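Structure first, then comments.
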Amino acid sequence: MVTKIKAVGFKGWSGEQAIGEKTLLVGDNGKGKSDRSQALQLAVNGYVIGSGKKNEEILSTFGEGDKLVVGAEIDGTLFERGFVRASSGSVSQGYKVSGSKVSKDFFNKAMGEAGAPVILNVAEFIALSDQKKIESLFTLYPPAGNLDAVQDQIETAKEKINALNQKVKSTEQAAARIAASKAEIKIPAGTLAEIDAEIAQKESELTEARNNLTNLKIEEQRIESEAKAKEEAERKEQERLKAEEKARKAGEEAKAKAEISPDPIDAKVQQSLKENPGEMTKKVDAMFGTEKALGDREFFASASPLGQTAQALVKREAAASILSIVSALTEAGCGTCAAGMIARRELRKYQEVAHG
Amino acid sequence: MDKNILQDQITGLQAAIIVKRRERDTHIRLQGLNTEAEKLRQEALDYSNKAEAEKVKLSALHAQRAQLVQKTSSALMERMKEVLPAGHPDVEVTEDGVFIGWIRPDGTRIAYNGLSGGEKVAFDAALAMALKANVVIIEAAEMDEKRLSGSLEKLGAAPVQAIVSTCYPPKATPNGWKEVRL
């Protein structure tokens, strides 16, 4: 407990003031009530609440001249602080305990051991940040449990909430972008199922149309093929008719030649006989036999005004002519036509005659 | 049927099928976007629900914290009551800060900075003692006699050394007080 306040040159007050546990200082303004309480604050705390804490400020605010001393007697021990301005102008602070100069550390330690008075500046506490206030209060009045652990959980929960809110925001933004993309798309009429049905129907129609087209082309090819075949047949028939006509004319010409000319051998046969007499002679000989054999036949001997050998030769030449016609017709593809048949019939007559 | 007509029909059908397939693609794309949007909406809802669940947890943690801190506030206020001449101290320690005020005898709640000069002197003394000061100094010039008497009475019973300065002492010095006339 502080039992005495001492001051030398503190705002004009020098002296000592004894105090008890509960002291009521009564006096008019200017009597030094505040001087005593401020001197006590300076002696205990080293500064006066609401004033500066530097030595120069303290001396200039509360001192008179170049020296100021304040002291507090705590349970019989006097603790003093002295502020002195040097010739250089600087102000230093000195410490005394029970009249002896001591260091600042010793002073503080000794005051602590003596049951240092705690004079608080409430205004300073009020001016602290909330966090500092809380720390200060928790130091004086600890919470009922492990507040740090709960605080950590609170921070973790806050971080989770922030992260989740951020995810909500980003997800909603992504959804908004999709909505914007959708807005740019022109939605086709009908549902997907309806469109699928339309596609299926049109594909079916397409398949049918393609099949129809294919069938049509096949039919066209068939008709064209038939037309070509018909045309070819007609062309062949024309050729056959031409060949027949040619053969007929050739027959008529040969007949006419045979009637007009005593010589029944036409130029072609003659030419053939000239160019290859052996071949034609062999063919005729095969049909009629040799000239010598012919000469022995009675038919020739009785029927012709010509000599037997001459008649045989005439008939053989006629047969050669007809054979030549047959060959020509056969080469012309008219082997089975009417002209060819007539020629072969005529030829057979000579064969029948020749062989009796 | 004419071959050209059939060919035209085929060409038309092919074009129509292309158009329809594009429409189909558009529908499928839309379906994909709708699916994605729905997925995102569901995700957002899930995140939102999780956030709400975390908020509930956070609220419970705040309550737990408040309960833990209540001891601090209560102890501080109990200590202040020992000196405060009237009304009740109002101290609330939250995660966001500290509220310090006074509930006046008429029930009004007022923050520290709203206190009158006399109220502040009395409140400071109570708060200083609650903050473990063992010497309380009161400059009682702004306190009326009633409040001064109340403070002296309370401080007289409190385990603290007190020095009160005043120009106008109460009519009767409270018990335990030493009056020093200057």
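Here the structure is a predicted model, which is why all the values come from computation and not from measurement. Below, read A as the first sequence line, B as the second, and so on, with proteins coming before strands; counting in each chain starts at 1.
Tyr141(A) carries Lys132(B) over the face of its six-membered ring, with the cationic atom under 6.0 Å from the centre and within 45° of the normal.
Ranked by heavy-atom pairs under 4.5 Å with chain A, the list Lys55(B), Glu43(B), Arg79(B) is led by Lys55(B). Heavy-atom pairs under 4.5 Å with chain B peak, among Ala179(A), Ala157(A), Ala209(A), at Ala209(A). Interface remark: of the candidates Gly32(A), Ser34(A), Ala18(A), Ser34(A) forms the most heavy-atom pairs closer than 4.5 Å to chain B. When each of Ile119(A), Ile126(A), Val44(A) is checked for heavy-atom pairs under 4.5 Å with chain B, Ile126(A) comes out on top. Chosen from Gln7(B), Gln14(B), Arg41(B), the residue pairing most often with chain A at heavy-atom distances under 4.5 Å is Gln14(B). For chain A, the option among Arg29(B), Glu54(B), Met129(B), Gln64(B) with the highest count of heavy-atom pairs below 4.5 Å is Glu54(B). Ranked by non-hydrogen atom pairs under 4.5 Å with chain A, the options Ile138(B), Leu58(B), Thr173(B), Asp46(B) are led by Leu58(B). Chain B forms the most heavy-atom pairs under 4.5 Å with one residue out of Gln17(A), Lys31(A), Glu220(A), Glu21(A), and that residue is Glu21(A). Chosen from Val135(B), Leu152(B), Asn134(B), the residue pairing most often with chain A at heavy-atom distances under 4.5 Å is Asn134(B). Among Val150(A), Thr156(A), Ile49(A), Asp28(A), the residue with the largest count of heavy-atom pairs under 4.5 Å with chain B is Val150(A). Counting heavy-atom pairs under 4.5 Å between each of Glu205(A), Lys167(A), Lys158(A) and chain B puts Lys167(A) at the top.
Interface residue Arg21(B): backbone and side-chain heavy atoms are both found under 4.5 Å from chain A. Using a 4.5 Å cut-off between heavy atoms, Ala130(B) contacts chain A through both its backbone and its side chain. Contact of Gln151(A) with chain B is made through the side chain alone, with heavy-atom distances under 4.5 Å. Of the two parts of Lys169(A), neither the backbone nor the side chain holds a non-hydrogen atom closer than 4.5 Å to a non-hydrogen atom of chain B. For chain B, no part of Glu208(A) is nearby; none of its heavy atoms comes within less than 4.5 Å. Both the backbone and the side chain of Ile154(A) come within contact range of chain B, each with at least one heavy atom under 4.5 Å from a heavy atom of that chain. Only the side chain of Leu40(A) comes within contact range of chain B, judged by heavy atoms closer than 4.5 Å. For Val93(B), the part sitting under 4.5 Å from any heavy atom of chain A is the side chain, from C-beta outward, and nothing else. Using a 4.5 Å cut-off between heavy atoms, Asn162(A) does not touch chain B at all. In this structure, chain B has a heavy atom under 4.5 Å from the backbone of Pro142(A), while its side chain stays farther away. Contacts of Thr191(A) with chain B are made by backbone atoms alone, with heavy-atom separations under 4.5 Å and no side-chain atom involved. The part of Glu155(A) that comes within reach of chain B is its side chain, from C-beta onward, which places non-hydrogen atoms under 4.5 angstrom from that chain. For Ile185(A), the part lying under 4.5 angstrom from a heavy atom of chain B is the side chain only. Only the side chain of Glu139(B) comes within less than 4.5 Å of a heavy atom in chain A; its backbone stays farther off. Heavy-atom distances place both the backbone and the side chain of Glu203(A) under 4.5 Å from chain B. Proximity to chain B (any heavy atom under 4.5 Å) is shown, for Ala176(A), by neither the backbone nor the side chain. Gln131(A) does not touch chain B: none of its heavy atoms, backbone or side chain, sits under 4.5 Å away. Neither the backbone nor the side chain of Arg177(A) comes within contact range of chain B; no heavy atoms are under 4.5 Å apart.
The backbone N or O of Arg24(B) sits nowhere less than 3.5 Å from a side-chain atom of Asp196(A) that would complete a donor-acceptor pair. A side-chain donor-acceptor contact under 3.5 Å links Gln161(B) to the backbone of Val2(A). Lys22(A) places a side-chain N or O within 3.5 Å of a backbone atom of Leu155(B) that can act as its donor or acceptor partner.
The side-chain heavy atoms of Pro170(B) and Leu24(A), taken from C-beta on, include a pair separated by under 4.5 Å. Using a 4.5 Å heavy-atom cutoff, the side chains of Arg36(A) and Ile163(B) are not in contact. Val180(B) has its side chain out of reach of Ile19(A): every pair of non-hydrogen atoms, C-beta onward, lies at least 4.5 Å apart. Counting heavy atoms from C-beta outward, Thr26(B) and Ile187(A) have side chains that stay 4.5 Å or more apart. Counting heavy atoms from C-beta outward, Leu147(A) and Thr72(B) have side chains that stay 4.5 Å or more apart.
Separating the CG atom in Leu164(A) from the NZ atom in Lys50(B) is a distance of 7.0 Å, to the nearest 0.5 Å. Of the inter-residue distances, the one linking Gln38(A) atom CD with Ile137(B) atom CD1 reads 9.0 Å to the nearest 0.5 angstrom. From Asn165(A), atom CG reaches atom OG of Ser48(B) across 7.5 Å, with rounding to the nearest 0.5 Å. Leu40(B) CG to Gln173(A) CD: the interatomic distance, rounded to the nearest 0.5 Å, is 11.5 Å. Atoms CD and CG, from Glu23(B) and Leu192(A) in turn, are 11.0 Å apart once rounded to the nearest 0.5 Å. The line from CG of Asn212(A) to NZ of Lys3(B) is 14.0 Å long, rounded to the nearest 0.5 Å.
Within 6.0 Å of NE2 on His88(B) lie no more than 12 heavy atoms contributed by other residues, nucleotides or ligands. Counting heavy-atom neighbours within 6.0 Å of Glu38(B) CD, excluding the residue itself, gives a total above 12. Remark: Lys133(A) NZ is packed, more than 12 non-hydrogen atoms of other residues, nucleotides or ligands lying under 6.0 Å away. The number of heavy atoms from other shown groups lying within 6.0 Å of CG (Asn146(A)) is above 12.
Applying the ring-ring contact (aromatic ring centres under 6.0 Å, His included) test to residues at least two apart or on different chains, the pairs with a partner in residues 5-38 of chain A are Phe10(A)-Phe62(A).
Val122(A) pairs in a side-chain contact (heavy atoms from CB on, under 4.5 Å) with only one of the listed residues (Val136(B), Asp124(B), Ile100(B)), which is Asp124(B).
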Stepwise side chain to side chain contact (heavy atoms under 4.5 Å, CB included) check, Leu131(B) with Leu137(A): CA-CA 8 Å; Leu131(B) 294 175; Leu137(A) 292 177; 3.7 Å; yes

